[in-house]
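Here's the structure we're looking at; comments come further down.
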Amino acid sequence: MNLLSPHLALYRLFDLADEIDLNRLATPRLRLSRPRLGAVRFQNPPAQVELGVRSVEGVSGLLTARLYEFGVASLSFRIHLGERVPWEAFLEKALALPELPFWEGFFLAELAALEPYLQGALLRPEAKRLSEEFTVYHALGLEGAKAHKPPVDLTPLWMGTREEFAPEVRREMARYRYSYSTEDLALLGFDRVLILDSEGIWDVADLVEFVHAQLLELSYYDRVLTEELEAVPLVLRERGVWGYGRLQRLRRRLMARHAEIADVKARMEGALRITEDLFYAKIYRAALELYGARELERSLEEKLRALEATYAMVTEEVVHLRSQAVEVGILALIAFEVARALL
């Protein structure tokens, strides 16, 4: 059984800054391919930069960068494995290639080479960079077979290893299989995605990349909120009038952080609109669930509520200290007037 024109694409995503001003970059924007995707729209499509052919340790492929307005850069290295590749030979390469040790250094070096081009477009660059990675397997189909029901076992590819898998694993895998017609198949795995498409379209990979970019940004702000909330008790230990200044600064910082995260969250939620295409809407929702973006969103909501409650508590403490200061001032004035009258 031969796989037709298979590709393997390695993706690495990095959180570079709070925002990337895409208008400062003279690059084309991502356009999804299928005609039926008129109902799928990016509010502000990511910028796309073709970096050319690269060769590393004897492996050649096309390197592409995508830049998202919420500060994420995605690098993808697409390797063509041949025109007609036997399934077993493909499976061996598919399991082995992503595990090779030099990929980390390769992507970090390419990112460092890209950064001078981004100077001026990165707004508030991030020092502690988070990263995500996943792999896409793409082919035109299996020779002599319909793509939506391939006559091969996809479980090793989905799991990333060869094992005697239990029936429960195969049932779980079936939850993440999607087909629009008999000529295509999308199989979502945790860090591996298989796409069989007779037209050679990569739209599913683009949607999965976008979900990973969202996941990266949500992880960043979840960490920021955690650090903010953990710092609050240290400030609240300073009681009394002497802690008033620190409480005021904390109050302003909490207010600014809440406004920043609420704004970013709203922009991310509106960044991609899927209004009528059921097939891609199902894939998008499944990817959000599978990669943990929904859980992160709930965590972010809970921490935002905790931040609001903390802001209210700090505001109440500031008002209390202010009223104490006014009372002390009034008593001091009364004492001064009494003392002046007696003298």
Side-chain angles (χ1 to χ4, degrees), residues 1 3-4 6-13 32-34 36-37 39-40 74 76 78 87 90-91 93-95 97-99 132-142 145-216 218-219 272 274 276-298:
M1 182 65 66
L3 204 58
L4 302 176
H7 288 77
L8 183 151
L10 302 167
Y11 287 75
R12 295 292 187 278
L13 291 86
L32 298 178
S33 303
R34 281 194 199 276
R36 67 172 179 269
L37 280 179
V40 182
S74 172
S76 64
R78 189 178 296 184
W87 173 258
F90 163 76
L91 185 59
K93 288 184 179 180
L95 297 181
L97 271 175
E99 305 302 324
E132 282 281 329
E133 63 182 73
F134 67 100
T135 302
V136 170
Y137 308 109
H138 186 287
L140 298 182
L142 281 157
K146 294 293 185 180
H148 77 298
K149 284 188 177 180
V152 292
D153 185 8
L154 300 178
T155 317
L157 191 68
W158 188 66
M159 292 294 292
T161 184
R162 293 177 184 267
E163 296 284 349
E164 290 293 329
F165 296 105
E168 291 79 7
V169 174
R170 301 180 192 279
R171 285 197 294 269
E172 183 69 17
M173 181 180 70
R175 291 180 55 204
Y176 297 103
R177 292 179 60 151
Y178 302 93
S179 292
Y180 183 78
S181 71
T182 60
E183 300 301 325
D184 62 68
L185 170 71
L187 175 61
L188 304 184
F190 186 73
D191 58 356
R192 298 164 189 264
V193 178
L194 171 65
I195 303 167
L196 302 179
D197 190 291
S198 60
E199 298 177 49
I201 292 173
W202 288 69
D203 287 343
V204 171
D206 296 335
L207 289 176
V208 170
E209 179 190 84
F210 179 74
V211 172
H212 277 277
Q214 283 185 301
L215 183 65
L216 201 56
L218 288 170
S219 299
L272 180 66
I274 304 178
E276 299 170 9
D277 196 300
L278 179 61
F279 176 62
Y280 282 94
K282 288 169 64 177
I283 289 176
Y284 181 60
R285 287 196 298 267
L288 288 172
E289 174 197 341
L290 179 62
Y291 305 138
R294 293 299 189 201
E295 292 179 10
L296 266 177
E297 284 181 348
R298 287 191 289 270

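Nothing fancy with the numbering, it's 1 onward along the sequence.
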Taking the side chain as everything from C-beta on, heavy atoms only, tell me whether Leu187 gets closer than 4.5 Å to Met173.
yes
When the ring planes of His7 and Trp202 are compared, do they come out parallel, tilted or perpendicular, using 30° and 60° as the limits?
-> perpendicular
Scanning both residues in full, the closest heavy-atom pair of Tyr291 with Phe190 reads CE2-O, 3.1 Å
Value for CD (Glu132) from NE2 (His212), rounded to nearest 0.5 Å, stands at 6.0 Å
Heavy atoms of Leu4 and Ala139 approach each other most closely as O-CB, 3.5 Å
*Please examine the side chains of Ile283 and Tyr176, heavy atoms only from C-beta on, and report whether any two atoms are closer than 4.5 Å.*
no
For a 4.5 angstrom cut-off between non-hydrogen side-chain atoms, does Val152 reach Met1? yes
May I have the list of side-chain donor-acceptor pairs in residues 156-165 shorter than 3.5 Å, sequence neighbours left out?
{"unit_1": "Trp158", "atom_1": "NE1", "unit_2": "Leu188", "atom_2": "O", "d": "2.6"}
{"unit_1": "Arg162", "atom_1": "NH1", "unit_2": "Glu88", "atom_2": "OE1", "d": "3.4"}
{"unit_1": "Arg162", "atom_1": "NH2", "unit_2": "Glu88", "atom_2": "OE1", "d": "3.3"}

Practice item. Report yes if some heavy atom in the side chain of Tyr137 is under 4.5 Å from a heavy atom in the side chain of Val193; otherwise report no. Key: no
Nearest heavy-atom approach of Lys146 to Glu183 is NZ-OE2, 2.8 Å
Determine whether Glu172 and Glu168 make a side-chain contact, defined as any pair of heavy atoms from C-beta on separated by less than 4.5 Å. no
- Message: Can you confirm whether Gln214 sits close enough to Leu296 that some side-chain heavy atom of one is under 4.5 Å from a side-chain heavy atom of the other?
- Response: no
| field | Charged N-O contact under 4.0 Å between Glu133 and Arg12 | value | yes
Hey, does the side chain of Arg177 reach the backbone of His148 with a donor-acceptor pair shorter than 3.5 angstrom?
-> yes
Here the pair of heavy atoms bringing Phe279 nearest to Tyr180 is CE1-N, 3.5 Å
Note: Val208 and Phe134 closest approach over all heavy atoms is CG1-CE1, 3.8 Å
Distance col, row His138:NE2 vs Leu3:CG, nearest 0.5 angstrom, shows 10.5 Å
Answer yes or no: is there a side-chain heavy-atom contact under 4.5 Å between Leu140 and Pro6?
-> no
message: Could you check whether any side-chain heavy atom of Asp203 comes within less than 4.5 Å of a side-chain heavy atom of Asp206, counting everything from C-beta outward?
response: yes
Rounded to the nearest 0.5 Å, the CG atom of Leu207 sits from the OH atom of Tyr284 at a distance of 8.5 Å
Correct closest heavy-atom pair for Ala147 and Leu185 would be O-CB, 3.4 Å
In this structure, OG of Ser198 is separated from CG of Asp184 (nearest 0.5 Å) by 7.0 Å
Between Arg192 and Thr135, is the side-chain hydrogen bond (donor to acceptor under 3.5 Å, both in side chains) condition met? List the steps. CA-CA 5 Å; Arg192 298 164 189 264; Thr135 302; 5.4 Å; no
The ring pair (Phe, Tyr, Trp, His ring centres under 6.0 Å) partners of Tyr178 (sequence neighbours excluded) come to none
